[in-house]
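To start, I am sharing the structure in question, which I have written as structure tokens.
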Amino acid sequence: MGASGITERAAVVGVGATPLTRSSGRTPLALAAEAARAALDDAGSAPDEVDAILSYHLGDSAPATDLARELGLTRLGWHNDMHGGGTQCASVLGDAAMLVATGQAATVLVHRSLNGRSGRRMTGLGLRQGEGVEEQFTLPYGLAGPVAQFALVARRYLYDAGLGERDLAAVVASSRAQAADNPRAMRREPLSWEDYLREPVIAAPLRRADCCQEADGACALVVTGARRPAAQRAPRIRAVVRGGRPDLSRLDRSPDPGAVFSAEVAPRLYAAAGMRPADVDAAFLYDAYSFLVPRQLADFGLVEPGEMARVLRSGGITAQGAAAAGGIPVNPHGGLLSEGYVHGLNNVAEAVRELRGDGVGRLPGASVALCTGFGGAYGSAALLVR
């Protein structure tokens, strides 16, 4: 994924999405087809121009071959259903860019579809033999699902960083404020400090408001060669990296429980892109939990750790308040905390919209967007440029 491999050789020429709901009443395949058709219409492409399909899933989505049939494709080349959740939402751009750069495909359709609220949810783990057998040693202590697990990470990080509840509340309040003008957002009401304290604790220090909005829905992107006429004004994929630290992948054995993927991935991303933190105009951070926003802002060098509380509490991560507070716009559509949870691909779609000038935040002059994908010790990140 270095600068010599994919740098600006591919562009995201179309985005599409379904409404986000708590009960779609439809199959993941139907949702995927709707989002895919919308993305192709946005790109000005016909379905039969697609010669590659990529998706990622946790056993809860529509296979690429099923989507190809649903769209009426007469042929399909490279296709891949990658196992994984949040770690994939940025790196799937790299997979698409590699297909384009190596001539394996001319038009790549990327999608994520799930009934994440009414269907399969990520809030429980069962005891079983075989794969996952070690859960029998952690489940009795309450580590049932991602919220309880990452609450451990949040607690340690907040302690080390000198942050607390007011800072988490500030992240959520900024998310809600920016979602207020987003018709796709599931949560658009303001959140005061008093309202935040009334939110039930799910796994300390994470309250309900600190957790993303589980949703039914789908999102899709169309990626093609940057030199094609359709890509002349489309955001280009500058660099993508993926990775992490295996020694951090088990929370009960981690030497640094407060660390996540971003400390490992950030320097590699900037090196691959030939860029610095100061070049980034907006951040589309994977915010499944509120604490991940300051954690990533620090790791990617976008806010100094000593300034973090001041920036957060002064609205410095909103499009309206970033300049005055010395911060940076983060998820101007509301992100996963307020818009909804499509395993991060909706954040990438909004980054594309913002760079081409038709996003919710309408960020003036934004030309470089950071997108991230989180999975604990592993993750991915991409830089898109206008």
Side-chain angles (χ1 to χ4, degrees), residues 12 14-22 24 26 28 31-39 42-43 54-58 60-62 84-93 96 109-117 119 122 175-176 178-188 211-223 235 282-290 292-293 296 319 329-356 358-363 369-375 379-382 384:
V12 185
V15 297
T18 68
L20 301 180
T21 69
R22 296 186 182 278
S24 70
R26 305 168 66 193
L31 295 170
E34 179 182 337
R37 291 188 179 102
D42 188 47
L54 300 176
S55 72
Y56 58 99
H57 67 97
L58 290 172
D60 56 359
S61 192
T87 64
Q88 301 281 5
C89 69
S91 59
V92 71
L93 292 175
L109 176 64
V110 176
H111 88 274
R112 178 71 172 103
S113 173
L114 73 166
N115 280 323
R117 177 72 184 187
M122 299 177 61
S175 170
R176 297 283 176 84
Q178 298 193 108
D181 295 326
N182 180 2
R184 296 186 302 273
M186 299 178 72
R187 300 299 296 270
R188 284 177 274 177
C211 304
C212 60
Q213 300 297 314
E214 292 180 304
D216 293 3
C219 186
L221 312 173
V222 177
V223 177
F284 296 81
L285 305 180
Y286 197 95
D287 56 336
Y289 310 106
S290 57
L292 289 172
V293 171
Q296 293 177 81
V330 174
N331 297 341
H333 59 309
L336 311 182
L337 286 170
S338 297
E339 183 181 73
Y341 188 63
V342 194
H343 257 133
L345 199 61
N346 51 317
N347 282 2
V348 178
E350 185 61 25
V352 173
R353 296 186 190 100
E354 295 292 348
L355 288 179
R356 67 189 193 184
D358 60 349
V360 173
R362 291 180 172 79
L363 304 176
L370 167 69
C371 302
T372 66
F374 164 79
S380 60
L384 302 180

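Side-chain atoms are counted along with the backbone in the values below, which use heavy atoms only and exclude waters and symmetry mates.
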Inset, instruction - Over 60° means perpendicular and under 30° means parallel, so classify the ring planes of Phe374 and Tyr286, tilted if in between. - result: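 If you compare the ring of Tyr286 with that of Phe374, the planes turn out tilted.
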
Inset, instruction - Give a yes or no answer on whether the side chain of Ser380 reaches the backbone of Ser91 with a donor-acceptor pair at less than 3.5 Å. - result: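 Side chain of Ser380 to backbone of Ser91, a donor-acceptor pair under 3.5 Å: yes, one is there.
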
Legend entry - Rounded distance (nearest 0.5 Å) linking atom CD of Gln213 with atom OH of Tyr341: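 Between atom CD of Gln213 and atom OH of Tyr341 there are 12.5 Å.
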
Legend entry - Residue list, side-chain hydrogen bond (donor to acceptor under 3.5 Å, both in side chains) with Ser113, at least two apart or on another chain: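 Partners of Ser113 by the side-chain hydrogen bond (donor to acceptor under 3.5 Å, both in side chains) criterion come out as none, since no residue qualifies.
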
Inset, instruction - Apply side-chain hydrogen bond (donor to acceptor under 3.5 Å, both in side chains) to Asp358 and list each qualifying residue two or more places apart in sequence or on a separate chain. - result: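 So Asp358 forms a side-chain hydrogen bond (donor to acceptor under 3.5 Å, both in side chains) with Arg356.
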
Inset, instruction - If a pair satisfies salt bridge (charged side-chain N to carboxylate O under 4.0 Å, His left out) and one of its residues is in residues 329-351, list it, with sequence neighbours excluded. - result: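 The answer is Arg184-Glu339, Arg184-Glu350, Glu350-Arg353.
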
Legend entry - Sidechain-backbone polar pair: Asp287 side chain, Gly335 backbone, donor-acceptor under 3.5 Å: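 Judged by distance alone, no pair lies under 3.5 Å.
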
Inset, instruction - Would you confirm whether Asn347, through its side chain, and Phe284, through its main-chain N or O, come within 3.5 Å as a donor-acceptor pair? - result: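 Pair absent, no side-chain N/O of Asn347 close to backbone of Phe284.
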
Legend entry - Set of side-chain hydrogen bond (donor to acceptor under 3.5 Å, both in side chains) partners for Thr372, sequence neighbours left out: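 Gln296.
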
Inset, instruction - Measure the CZ-OG distance between Arg188 and Ser338 for me, rounded to the nearest 0.5 Å. - result: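 So the CZ of Arg188 and the OG of Ser338 are separated by 11.0 Å.
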
Inset, instruction - Not counting sequence neighbours, which residues clear side chain to side chain contact (heavy atoms under 4.5 Å, CB included) with Thr18? List them please. - result: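 For Thr18, the residues satisfying side chain to side chain contact (heavy atoms under 4.5 Å, CB included) (neighbours in sequence not counted) are Leu31, Glu34, Ala35, Ala218.
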
Inset, instruction - Taking side-chain hydrogen bond (donor to acceptor under 3.5 Å, both in side chains) as the test, write out the residues that go with Arg362, two or more places apart. - result: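 For Arg362 there are no side-chain hydrogen bond (donor to acceptor under 3.5 Å, both in side chains) partners, ignoring immediate neighbours.
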
Legend entry - Donor-acceptor contact present, side-chain Gln178 to main-chain His333, <3.5 Å: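 No; zero donor-acceptor contacts below 3.5 Å.
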
Inset, instruction - Indicate yes or no for a side-chain donor-acceptor contact from Asp60 to the backbone of Asn115 under 3.5 Å, with no hydrogens or angles considered. - result: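 Checking the backbone N and O of Asn115 against the side chain of Asp60, no donor-acceptor pair under 3.5 Å is found.
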
Inset, instruction - For the pair Asn346 (side chain) and Gly340 (backbone), establish whether a donor and an acceptor sit closer than 3.5 Å, ignoring hydrogens and angles. - result: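 The answer is yes, because a donor-acceptor pair under 3.5 Å joins these two groups.
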
